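Bear in mind that the values here come from a model prediction, so they are computed numbers and not experimental data.
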Amino acid sequence: MSQEYEFQIPRKDFGRILRKHRIWYLLGIIFLLLLLSGDGIALGLTIRNGVQWWLIALIPPLSISYGVLWFFSITDGGAQVFGDCKAVFDEKGNLTISCRRDYGISPAAKLGTEKTMNIKRAQRDGKYWVVYGDHRLWAVLPADIPLPASVLIETKK
């Protein structure tokens, strides 16, 4: 027997939780950009005295690290689900959450997103639950939605 709940998550509240989850990625990206900039400045200042190969050798690993960190920051959490939403808990412990929200500048344009995940744990964040699944998936649910007992028991451990 599955349980269905309809709710709404404002963009502002979801954005606050999203920024909280992605802050370390942002700080890492800023740090790598500062290293890349410093390397470029040092290479530019020392190029007249001969090529400093160790400064050139730093560019590929720093650039690759930046790209990997950027990719992980963008994909953290999976599809962003906010707006007019519906959550369905099935008997296997899976959560399917689908949302429709405004898209673009047209008021008639709607974007629908959906994701299904097996809930591993839940964490309270103000008036919302942040539920975590496999492979860096997470979703936001209002705190007034009752979570399955198995999730709450695992959260207390």
Side-chain angles (χ1 to χ4, degrees), residues 1-40 58-157:
M1 178 174 109
S2 62
Q3 301 170 338
E4 272 187 42
Y5 301 97
E6 291 192 18
F7 57 93
Q8 183 175 17
I9 297 178
R11 178 185 294 264
K12 181 179 177 182
D13 292 347
F14 180 79
R16 181 185 52 81
I17 294 170
L18 181 68
R19 284 187 298 277
K20 193 183 293 185
H21 276 84
R22 292 185 178 175
I23 187 70
W24 292 110
Y25 292 115
L26 176 65
L27 293 175
I29 286 171
I30 290 170
F31 178 72
L32 285 173
L33 282 177
L34 288 173
L35 284 177
L36 277 166
S37 298
D39 184 52
L58 284 176
I59 295 171
L62 287 175
S63 299
I64 290 170
S65 299
Y66 170 79
V68 168
L69 194 59
W70 179 84
F71 173 77
F72 281 128
S73 72
I74 294 300
T75 59
D76 180 46
Q80 297 180 6
V81 286
F82 60 90
D84 298 322
C85 301
K86 181 172 81 169
V88 179
F89 294 97
D90 67 6
E91 54 276 346
K92 296 178 185 175
N94 293 326
L95 166 67
T96 301
I97 185 168
S98 58
C99 295
R100 294 188 55 76
R101 64 177 185 259
D102 295 334
Y103 177 72
I105 58 173
S106 171
K110 294 282 188 183
L111 174 69
T113 55
E114 179 177 310
K115 66 177 157 185
T116 301
M117 58 190 208
N118 188 4
I119 300 174
K120 297 297 181 190
R121 64 185 175 96
Q123 181 179 358
R124 186 77 181 254
D125 187 352
K127 55 184 179 176
Y128 295 100
W129 284 109
V130 180
V131 292
Y132 297 92
D134 295 328
H135 308 293
R136 299 176 336 132
L137 281 179
W138 55 269
V140 178
L141 298 172
D144 58 350
I145 291 180
L147 294 180
S150 60
V151 173
L152 295 176
I153 291 170
E154 291 178 12
T155 302
K156 292 179 184 177
K157 290 181 183 177

*Take K86 and Y5, measure what side chain to side chain contact (heavy atoms under 4.5 Å, CB included) needs, and give me the verdict at the end.*
CA-CA 6 Å; K86 181 172 81 169; Y5 301 97; over 6 Å; no
[X] side chain near [Y] side chain, heavy-atom distance below 4.5 Å:
X: M117; Y: V131; answer: yes
X: W129; Y: R124; answer: yes
X: T113; Y: F82; answer: no

Show the nearest heavy-atom pair for residues [X] and [Y], with the distance to one decimal.
X: Q80; Y: R101; answer: O-NH1, 2.7 Å
X: L36; Y: I59; answer: CD2-O, 4.2 Å
X: E4; Y: V88; answer: CG-CG2, 3.4 Å
X: G28; Y: L69; answer: C-CD2, 3.4 Å
X: V140; Y: I97; answer: O-CD1, 3.9 Å

In Å, rounded to the nearest 0.5 Å, how long is the span from [atom1] of [X] to [atom2] of [Y]?
X: I74; Y: Y25; atom1: CD1; atom2: OH; result: 11.0 Å
X: T75; Y: L137; atom1: OG1; atom2: CG; result: 9.5 Å
X: L141; Y: F7; atom1: CG; atom2: CZ; result: 5.0 Å
X: Y128; Y: D144; atom1: OH; atom2: CG; result: 9.5 Å
X: I23; Y: S73; atom1: CD1; atom2: OG; result: 11.5 Å
X: L26; Y: W70; atom1: CG; atom2: CH2; result: 13.5 Å

*May I ask you to establish whether R121 and Y132 are in a cation-pi arrangement, using a distance under 6.0 Å from NZ or CZ to the six-membered ring centre and at most 45° from the ring axis?*
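Geometry flag: set, cation within 6.0 Å and 45°.
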_Lys/Arg cation over aromatic F72: R136, 6.0 Å, 45° cone_ =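 No, R136 does not sit over the ring of F72.
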*Look at the side chain of K115 and the backbone N and O of W138, then say whether any donor-acceptor pair between them is shorter than 3.5 Å.*
yes
_Backbone N/O of R100 and side chain of K110: donor-acceptor pair under 3.5 Å_ =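 Checked: no pair found.
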*asked:* Here's a test for you: under side chain to side chain contact (heavy atoms under 4.5 Å, CB included), which of L35, I29, L33 qualifies with F31?
replied: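 The option that passes is L35.
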*Pairs involving residues 17-27, ordered by first then second residue, that meet salt bridge (Lys or Arg N to Asp or Glu O under 4.0 Å) (sequence neighbours left out)*: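 For residues 17-27, and leaving out neighbouring residues, the salt bridge (Lys or Arg N to Asp or Glu O under 4.0 Å) pairs sorted by first residue read K20-D125.
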